[in-house]
Amino acid sequence: MSSRPYFETVKSFADVPITVHGVETSVFLEASEGLVQLFDLLGSGVFGFVQSDIRGNIGEPRYQADSCCSTLENLVIREASCEDRHGTGCLIRLTRGLTFLCRALQHMQNDPSVELHVCFKRSYDEVLRHHHTFFVRSLAAVAVRAAPYRHDFYARISQGAPTEKLDAELARWLCGLDVVINRLKAFIEGGGYGRI
């Protein structure tokens, strides 16, 4: 008996509402937490620093959502006139982390012959490398090399379901994430609020 693939057990980014006012904060954060839990399936603390960073950057937007900001864009606009823009900084770093993961998983899906560590290395170089110091880059290189084999990772996230089912749900999930991160990047960078 097979259980449902991992991406069917957590909130999908494809289900995050986007209105004329922006990306709904609480549902976006719920989907982000689901992504963080994905790393538990990698085993042995691989990418623990990414998990920790994403979890930390979820906290401030969650606090803001609970108090007054129903969309991520409202959070950024509200803080633009303040001296302390902690929520905006957290959202920028969260968006970077999600972009890194999205690109790595897209590489995994688009190139079935390549091992997972290569997909994460490509993504790291595209998205995060230019934001990090030499020391952090060295840590990231070690973490990337510790990624599980592609076959093992697929087995963990499919949780016994057919690969086709996993691929379909993963593609839907990544498409939704891609829409959200591109929207946030355009809003943040286009408005001069920061750089993703």
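Keep in mind that the numbers below use all heavy atoms, side chains included, and drop hydrogens, waters and symmetry copies. What you see is a predicted model; the values in this text were computed from it and never measured.
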*Rounded to the nearest 0.5 Å, what's the gap from OG on Ser32 to CG on Leu94? Could you check?*
4.5 Å
*Step by step, work out the side chain to side chain contact (heavy atoms under 4.5 Å, CB included) result for Val114 and His107.*
CA-CA 9 Å; Val114 173; His107 289 311; over 6 Å; no
*Quick one: closest heavy-atom pair of Tyr193 and Ile92, and the distance?*
O-CD1, 3.7 Å
_Go through it in stages, so that I can follow the logic: the residues are Thr99 and Asn182, the test is side chain to side chain contact (heavy atoms under 4.5 Å, CB included), and I'd like the CA-CA distance, side-chain angles, deciding distance and then a yes or no._
CA-CA 9 Å; Thr99 303; Asn182 285 328; over 6 Å; no
*So, do Thr25 and Ser70 sit near enough that their side-chain heavy atoms are less than 4.5 Å apart?*
no
*Arg103 bridged to Asp125 by N-O distance under 4.0 Å*: no
*Aromatic rings Phe100 and Tyr124: how do their planes relate, parallel, tilted or perpendicular, breaks at 30° and 60°?*
perpendicular
*Which atom of Leu170 lies closest to which atom of Met108, heavy atoms considered*: CD2-CE, 3.6 Å
*Determine whether Asp15 and Val27 make a side-chain contact, defined as any pair of heavy atoms from C-beta on separated by less than 4.5 Å.*
no
*Ile77, Ile196: one ILVMFWY side-chain cluster at the under-4.5 Å cut-off?*
yes
*Minimum heavy-atom distance between Gly87 and Leu75, given as atom pair plus value*: C-CD2, 3.6 Å
_Leu98 to Phe28 - nearest heavy-atom pair and separation_ = CD1-CZ, 3.4 Å
*asked:* Test your reading of the model: is there a side-chain donor-acceptor pair from Glu24 to the backbone of Val16, 3.5 Å cut-off?
replied: no
_With a 6.0 Å cut-off (strictly less than), is the heavy-atom count around NE2 of His151, excluding the residue itself, greater than 12?_
no
*Take Ser113 and Asp111, measure what side-chain hydrogen bond (donor to acceptor under 3.5 Å, both in side chains) needs, and give me the verdict at the end.*
CA-CA 6 Å; Ser113 66; Asp111 195 348; 3.0 Å; yes
*asked:* With a 3.5 Å distance limit and no angle check, can you tell me whether Glu79 reaches the backbone of Thr88 through a side-chain donor-acceptor pair?
replied: yes
*Heavy atoms, side chains only, cut-off 4.5 Å: are Pro162 and Lys165 in contact?*
yes
*Kindly say whether Arg195 contributes a backbone atom to a donor-acceptor pair with the side chain of Glu189 at under 3.5 angstrom?*
no
*Kindly determine whether Asp178 and Phe13 satisfy side chain to side chain contact (heavy atoms under 4.5 Å, CB included), including the steps that lead there.*
CA-CA 9 Å; Asp178 199 46; Phe13 283 99; over 6 Å; no
*asked:* For the SG atom of Cys90 and the CG atom of Asp53, what is their distance to the nearest 0.5 Å?
replied: 9.0 Å
*Sidechain-backbone polar pair: Ser158 side chain, Thr163 backbone, donor-acceptor under 3.5 Å*: no
_His21, NE2 atom: more than 12 neighbouring heavy atoms under 6.0 Å_ = no
*Evaluate the side-chain hydrogen bond (donor to acceptor under 3.5 Å, both in side chains) criterion for residues Thr71 and Asn74: first the C-alpha distance (whole Å), next the side-chain angles of each, then the deciding distance (0.1 Å), finally the verdict.*
CA-CA 5 Å; Thr71 69; Asn74 284 345; 3.2 Å; yes
*Please round to the nearest 0.5 Å and tell me the distance separating atom CG of Leu174 and atom CG of Leu105.*
5.5 Å
*Does Arg150 reach the side chain of Pro112, with side-chain heavy atoms less than 4.5 Å apart?*
yes
*With the threshold set at 4.0 Å, does a side-chain nitrogen-carboxylate oxygen contact exist between Glu73 and Arg183?*
yes
*Say whether Val118 and Phe153 are linked into one hydrophobic cluster, either directly or through other cluster members, by side-chain heavy-atom distances under 4.5 angstrom.*
no
*Work out which heavy atom in Pro148 is nearest to a heavy atom in Leu116; give both atom names and the distance.*
O-CB, 3.5 Å
*asked:* Counting neighbours of CZ on Arg145 that are heavy atoms of other residues, nucleotides or ligands and sit closer than 6.0 Å, is the number greater than 12?
replied: no
*asked:* Count I, L, V, M, F, W, Y as connected when their side-chain heavy atoms are under 4.5 Å apart, and connections chain through other members. Are Leu35 and Val10 then in the same cluster?
replied: yes
*Do side-chain atoms of Arg96 reach the backbone of Leu128 as a donor and acceptor pair under 3.5 angstrom?*
no
_Reported CZ-to-CD distance for the pair Arg55 and Gln37, which is rounded to 0.5 angstrom_ = 7.0 Å
*Minimum heavy-atom distance between Val76 and Leu91, given as atom pair plus value*: CG2-CD2, 3.7 Å
